[in-house]
Amino acid sequence: MHWADVTAQALAHRGDKHVISTGITPSGEFHIGHLREILTGDMISRAARNAGLDVDFIFIVDDADPLRKVYPFLDEDYSQFIGHQIGSIPAPDLEGKPDFEKFKKDGLSYADYFLNPFLEALRTIGVVPRIIKNMHSYQSGQFNEVSKIACDKADEIREIIERVSSRELADDWFPWSPLDSKGSLEGVVVTGYEFPLVHWKDSHGVEGSSDITKGEGKLPWRIDWPAKWSWIGVTCEAFGKDHGAAGGSYATGREICQLFGYQPPQPLTYEWISLKGQGAMSSSSGNTIGPIEALELVPPEILRLLIAQSKPNKAIEFDTGMSLVNLADEYERLLSRNFDQELEEENLSRRKKVQIEDAIGALGMAKVTTESILESSNVTFRHLCLLAQTKTSDEMVWKSLGYTDTDKPPTSLVDRLNKMKIWIESEHLPEEMRISLIENPQSETFVEFGDEEIKVLEILKKELETCDWNKEDIGNAIPNSAKSIELSPRIAYLVAYSTLMGRSRGPRLAPILAEIERTRIIQILERCLTVINS
RNA sequence: GGGCCUGUAGCUCAGUCAGGUAGAGCAUCCGGCUUUUAACCGGACGGUCGCGGGUUCGAACCCCGUCAGGCCCGCCA
């Protein structure tokens, strides 16, 4: 059973109606790691719906959180906004300075600036959650009841946090962070509480009162989270391992939400995605691959498969090089399998059966919509990569794949070719996928060359010097160089690939050579002969 | 200090929840296609399932211990 179905099954035991929640703080550029948060929730939702449950899938945007610091991609100007809620400060412009103009005119906040492109990417990938903005929820009174309980039971909450997380809270700690005279959540000391007002004194020496029913502040994270479960009615939430550790915010949250008279949601802790060789993704360090960037390179199904095929507790190492190649090929392999037939096989071991069922589940989750019909194109990523690099036009690619004017390639394949071309031109294309000629022959290439190979190489050079420089004649010249002395064409290809590309096999040479000047090719072959004879 | 995850073929991993004869892909090697594709087809090679105990008729799987690596508990998913 697919992991999402396992969670859905657990939910079915609890009831028929469910609110499945996800949440992210849009404090910077979104990355693939955030996609796991959302897709994990999306996949549980899909599985729950498949199981006949009534599901409300939500995405809570934590735009009530404060700006922690001036991130590397921000201008120093932002220091004035440290501690301010990211839903109430201007978005950065191209230089990283706060764009006051746009903020005034269009109301584009810092949070929206990062959120909007992410939502766009989510649509492309088939995720359409109900959006709940946290700051607006505070301002419109959704938190009233829970905030009051939190303030009334401040001592009990303090006890839970201190006991469960085993850390000591300051004497002036209070379960409500008021906004100060400048709109910052930092450096404010709570001096008293009298519902609905929390009295405070800020770092500027100003005193005031915060009305907890009007969003003049917020609950601290460890309370804010269970408060959301409670007023929204969340029954299931997947969250990162940072929240899931012992003494972490889920552990305190599950007790705190009971103070609100609410039962904690079904948890699912997921591992992080790291960029191969560079550690965890982090918005502030710039060590990211954005969902938008990734979607330019591959179809959404492949990105979904990345999340679907790994259990949540499995750390994922991702990169836009060979990982992507393998992932895309895995996707094609899955598509071309005949699961019905595999399941009918006799003497199917339990292990084998589980494997097939998980593959079916992962593929189902990879679909952008549940109605999508996935078609196998029978063209692997590697192969398409090869064609895109060697063919001079799209038409030539289609022709090579056997498509004609009357039998046109499917749009999904056209889309893949376009993305492939972007990938090839980008920095992401791994060296081993790039087609290139060897300019300076390496002597170790010829270690295994015997007399036959050397003889063929000499003839090959002569053939290429005299033949017409088009792909047909070049194509004949290569095997002829061996045939003319009664040898298998195989040797000729081995020689040609070894000398020109430094490997024993490769893509069809003739069309590639035809695109390159004859003199350059001859030069390479001559250098090889020189090295061999020396 | 507390907790989590990982350790299975050269590589990447599945299989561990519901114990029942060690799996996939890639890589390698061999063969075929008297060379449309680093394609495709067929085959081979390859594992003391980290280690040691225990439970069991039977353990990669459950229990205890142990080693190694990674990570979290400072609101970075």
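Numbers restart at 1 for each chain; the letters A, B, ... are given by sequence-line order, proteins then strands. Keep in mind that this is a model prediction, so the values were computed, not measured.
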If the P atom of B:rG53 is compared with that of B:rA60, how far apart are they to the nearest Å? 14 Å

Rounding to an integer number of Å, can you tell me how far A:L327 CG sits from B:rU12 C1'? 12 Å

A:E162 with A:R158: basic N within carboxylate O range, under 4.0 Å: yes

Could you work out the separation of B:rC26 and B:rG42 based on their P atoms and round it to a whole Å? 12 Å

Is A:R167 near enough to B:rG74 that one of its side-chain N or O atoms lies under 4.0 angstrom from OP1 or OP2? yes

Please tell me if A:K314 has a side-chain N or O lying less than 4.0 Å from either OP1 or OP2 of B:rA14. yes

Looking only at atom P, what distance separates B:rC11 and B:rU55, rounded to whole Å? 35 Å

Between B:rA9 and B:rG25, how far apart are the two C1' atoms, rounded to whole Å? 12 Å

Looking at A:E301 and A:R416, is any side-chain nitrogen of the basic one under 4.0 Å from a carboxylate oxygen of the acidic one? no

Would you say the side-chain atoms of A:W221 and A:S249 include a donor-acceptor pair closer than 3.5 Å? yes

Starting at the 5' end of RNA chain B and moving along, which residue's nearest nucleotide shows up first, A:A246 or A:L387? A:A246

Can you tell me if A:K421 has over 12 outside heavy atoms packed within less than 6.0 Å of its NZ? yes

Please enumerate all residues that pass side-chain contact (heavy atoms from CB on, under 4.5 Å) together with A:S45, with sequence neighbours excluded. A:I20, A:R49, A:V55, A:F57

I need the CG-C1' distance between A:L39 and B:rA77, as an integer number of Å. 12 Å

Given atom CD of A:Q309 and atom P of B:rG25, what is their separation to the nearest angstrom? 15 Å

Does A:I478 reach a base, just sugar-phosphate, or nothing at all? Heavy atoms under 4.0 Å. nothing

What pattern of brackets, bars and dots sums up RNA chain B from 5' to 3', given Watson-Crick or G-U wobble pairs under 3.5 Å, [ ] for crossing pairs and | for another strand? ((((((((.[[[[.)....(..]]]].(((((.......))))).....[[[[[..)....]]]]])))))))....

Using the C1' atom as the point on both nucleotides, what is the distance between B:rG47 and B:rU8, in whole Å? 7 Å

Whole angstrom value for the distance that separates P of B:rA77 from NE2 of A:H243: 7 Å

A:V6 vs A:D65, nearer the 5' end of RNA chain B by closest nucleotide: A:V6

State whether a side-chain donor-acceptor pair under 3.5 Å links A:N134 with A:D224. yes

Heavy atoms, side chains only, cut-off 4.5 Å: are A:W3 and A:M43 in contact? yes

Just call it for A:S310: base, sugar-phosphate, or nothing, with non-hydrogen atoms closer than 4.0 Å on any strand. nothing

For B:rC75, does the base pair up with any side-chain atom of A:R222 as donor and acceptor (N or O, under 3.5 Å, distance only)? no

Interface polar pairs with nucleotides 34-36 of chain B, N/O, under 3.5 angstrom:
residue: B:rU35; atom: O2'; partner: A:Y493; partner atom: OH; Å: 3.3

Ionic contact status for A:E271 with A:K311, cut-off 4.0 Å: no

If I take atom CD in residue A:E168 and atom P in nucleotide B:rG74, what distance separates them, rounded to the nearest angstrom? 14 Å

Any carboxylate oxygen within less than 4.0 angstrom of a Lys/Arg side-chain nitrogen, looking at A:K228 and A:D62? yes

Aromatic contact, A:W229 with A:F260 (centres under 6.0 Å): no

Gap in Å between the two P atoms, one belonging to B:rC64 and one to B:rG74, rounded: 28 Å

Less than 5.5 Å between centroids and less than 30° between ring planes, does A:F239 satisfy that with B:rA77? no

Testing B:rU6, B:rG15, B:rC72 for proximity to the side chain of A:N313, the answer is B:rU6

Separation of B:rC76 P from A:L67 CG (nearest whole Å): 12 Å

How many whole angstroms separate atom CD1 of A:I360 from atom C1' of B:rA14? 15 Å

So, are A:D112 and A:K133 salt-bridged, with charged N and O less than 4.0 Å apart? yes

Look at the side-chain N and O atoms of A:K311 and state whether any lies under 4.0 Å from the OP1 or OP2 oxygen of B:rG15. yes

Atom C1', compared across B:rG46 and B:rC40: separation rounded to whole Å: 24 Å

Describe the nucleic acid contact of A:K218 in one word from base, sugar-phosphate, nothing, applying a heavy-atom distance below 4.0 Å. nothing

Rounded distance in Å - CG (A:L363) to P (B:rG25): 17 Å

Whole-Å P distance, B:rA59 and B:rC51: 15 Å

